[in-house]
Amino acid sequence: MSDLAYLTIAEAAELLRAKKLSPVEYAKALIDRVEKHDKKLNAFIRFTPDKALDDAKRAEAEIVRGEWRGPLHGVPYALKDIVDYAGLPTTAHSKILKDNVAASDAVVTQKLRAAGGVFMGKLSTHEFATGGPCFDLPWPPARNPWNREHFTGGSSSGSGAATAAGFVPAAIGTDTGGSIRNPATMCGVVGMKGTYGLVSRRGVVPLAFSLDHVGPLTRTVRDNALMLDLIAGHDALDPGSVNIACGAYTAELGAGVKGLRIGVIRHFYTRDMEGDAEMVAGIEAGLKVLSGLGAKVQEVQTAPLGEYAACNRTILASEAYAIHEKWLQERPQDYASLTRERFLSGAFVRAADYINATRVRLKMTNAFHALFSDVDVIVTASAMDPACRIDDAEELDRTYARQARAPFNVTGSPALSVPIGFSRAGLPLGMQIVGKPFSEALIYRVAHAYEQATPWGEKHPSLGN
Amino acid sequence: MANDITLEDVRRMAADVGLTRLTDQHLQELLRATKTAQARRASMPKSDLTPANESAHVFRLDKRSDR
């Protein structure tokens with residue numbers, strides 16, 4: 001097998017099912033790769049090669065017996081370390097939870113284990129899925145495989161790094177203000193935050209209950225759809241979970257975009273914020289590709305980014321503070337400085353401000369969803385800038401809020417980041433494709449058409465010797 | 001809350017809500033964080049809200065609730 005590190009789930013599944021690839025051989029190749037290269041990237045916070053080999057041996061025996069469970073059977077995956085895996089610590093990359101051993105699996109973990117996936121370990125995150133890369137925590141921050149001096153994006157930092165580096169073909173991330181889509185953009189992979197309530201959050205450390213989403217990061221659109229097929233579904237014990245028929249996310253792949261109406265929210269990255277020139281050029285080139293494939297592109301307008309950001313951050317700060325208040329009272333010194341400051345921003349938010357933010361939220365959401373009477377999907381920026389240096393605190397602070405992802409946590413809309421090329425410095429660029437609630441299959445259809453028409457998915461970072 | 005909030009203001013306010021273990025560095029963080037939160041409040045487009053605009057958080061009951 002030429003390069004097992006960059007097999008897609010779809011390719012691996014075909015080989016595994018046909019018994020042309022052994023799950024054990026596949027797992028060993030990725031274990032070797034992690035052991036060789038992760039010292040440079042810190043994608044894993046807890047690497048579990050023994051568990052991976054156990055899972056792989058079990059998968060191999062089942063496949064040999066003709067008991068193929070589906071596309072993830074015998075395929076490696078990893079979890080952001082805020083997602084519970086029974087018997088292992090869920091640390092949230094924080095000193096606060098470093099001894100917090102999960103008693104049971106998160107729902108998403110249960111589903112991936114039931115699908116026969118090969119568990120490789122727990123991945124780095126920004127502390128409690130917020131803040132940024134910190135050097136004052138028990139574990140170092142993940143680094144970008146395209147240039148290890150640069151930031152991965154976050155907060156699902158290890159999920160982006162591990163997927164891009166060929167350590168796993170799929171990882172689970174979470175997204176409260178853009179934390180799946182940001183590392184997807186900055187690491188050059190595909191990241192989907194489905195509709196709010198589509199994927200159970202039970203067993204995942206919360207950041208802000210009404211904004212939290214769980215979703216997959218993969219290297220291809222098809223793989224992402226396959227993963228969402230596995231993890232979506234109603235969970236009666238998750239109060240935000242939606243009881244709706246879901247699945248078949250690969251069903252529209254290959255249908256193309258001819259005749260589809262694609263809206264573009266250009267004011268997010270030209271007027272509300274001025275996006276980096278290379279990022280903007282990449283998005284505009286992406287729109288030309290979609291137009292060339294037969295889509296009808298038209299500009300649409302929504303509320304300014306600043307209003308969405310104020311709404312998202314007021315709700316996030318208030319809900320997060322409620323969760324962290326006790327720890328902030330009793331052991332404030334155990335947070336990284338950056339995380340503590342983010343959480344403290346909720347300390348004095350007035351109840352009326354929080355409630356008004358949720359009232360504004362509903363109004364903005366209804367107005368945003370009304371746009372879909374004229375368009376089928378919407379394209380806009382994800383990040384305004386490529387990844388900055390990981391040691392440049394000033395630039396990290398400047399670029400932290402320069403994003404257009406939080407609006408879709410406010411509206412709960414499904415939103416995906418897809419790679420659109422590279423900056424002159426060789427850092428990935430990405431754009432977002434957003435849809436109306438529960439239109440994930442259509443978003444995948446558009447992203448897949450774009451992906452198939454461009455060469456970006458064929459490029460992989462060089463990790464050196 | 002005044003825009004010219006000081007470190008001494010946040011020290012007192014922090015104590016009132018049980019944040020009694022914050023160091024001076026933590027209080028500086030709290031001061032910056034509070035100013036950030038105030039700026040967010042100013043950016044919230046709430047002037048168009050009418051009394052009929054409900055919260056996005058709706059109290060729901062389902063069949064399991066009568067158990």
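Because only heavy atoms are used, hydrogens play no part in the values below, and waters and symmetry mates are left out as well, while side chains stay in. Labels below follow one simple rule: chain letters A, B, ... track the order of the sequence lines, proteins then strands, and each chain is numbered from 1.
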Region of A:Thr365 in contact with chain B, defined by heavy-atom distances below 4.5 Å: neither
Contact leader toward chain A among B:Ala42, B:Ala14, B:Ser55, where contacts are heavy-atom pairs under 4.5 Å: B:Ser55
Flag for A:His267-A:Asp272: side-chain donor and acceptor within less than 3.5 Å: yes
Which portion of B:Ser47 sits near chain A, non-hydrogen atoms under 4.5 angstrom: neither
Heavy-atom contact with chain B under 4.5 Å, split by part of A:Tyr354: side chain
Portion of A:Ala357 that has a non-hydrogen atom of chain B nearer than 4.5 angstrom: both
Donor + acceptor pair across side chains of A:Arg361, A:Ser210 (<3.5 Å): yes
For chain A, the option from B:Ala56, B:Ser43, B:Ala39 that forms the most heavy-atom pairs under 4.5 Å: B:Ala56
Presence of salt bridge, A:Arg201 and A:Asp212, under 4.0 angstrom: no
Residue, of B:Arg32, B:Gln28, B:Gln25, that accumulates the most heavy atom pairs under 4.5 Å with chain A: B:Arg32
For chain B, the option from A:Gln333, A:Met364, A:Gln329, A:Arg342 that forms the most heavy-atom pairs under 4.5 Å: A:Gln329
A:Phe151 and A:His126 aromatic ring geometry - parallel, tilted or perpendicular at 30°/60° bounds: parallel
Test ring pair (Phe, Tyr, Trp, His ring centres under 6.0 Å) applied to A:Phe343 - qualifying residues, sequence neighbours left out: A:His324, A:Tyr335
Test item: side-chain donor near acceptor, B:Glu29 and A:Ser337, under 3.5 Å: yes
Top contributor to chain B contacts, counting heavy-atom pairs under 4.5 Å, from A:Ile355, A:Leu344, A:Ile315: A:Leu344
A:Tyr308 and A:Phe408 aromatic ring geometry - parallel, tilted or perpendicular at 30°/60° bounds: tilted
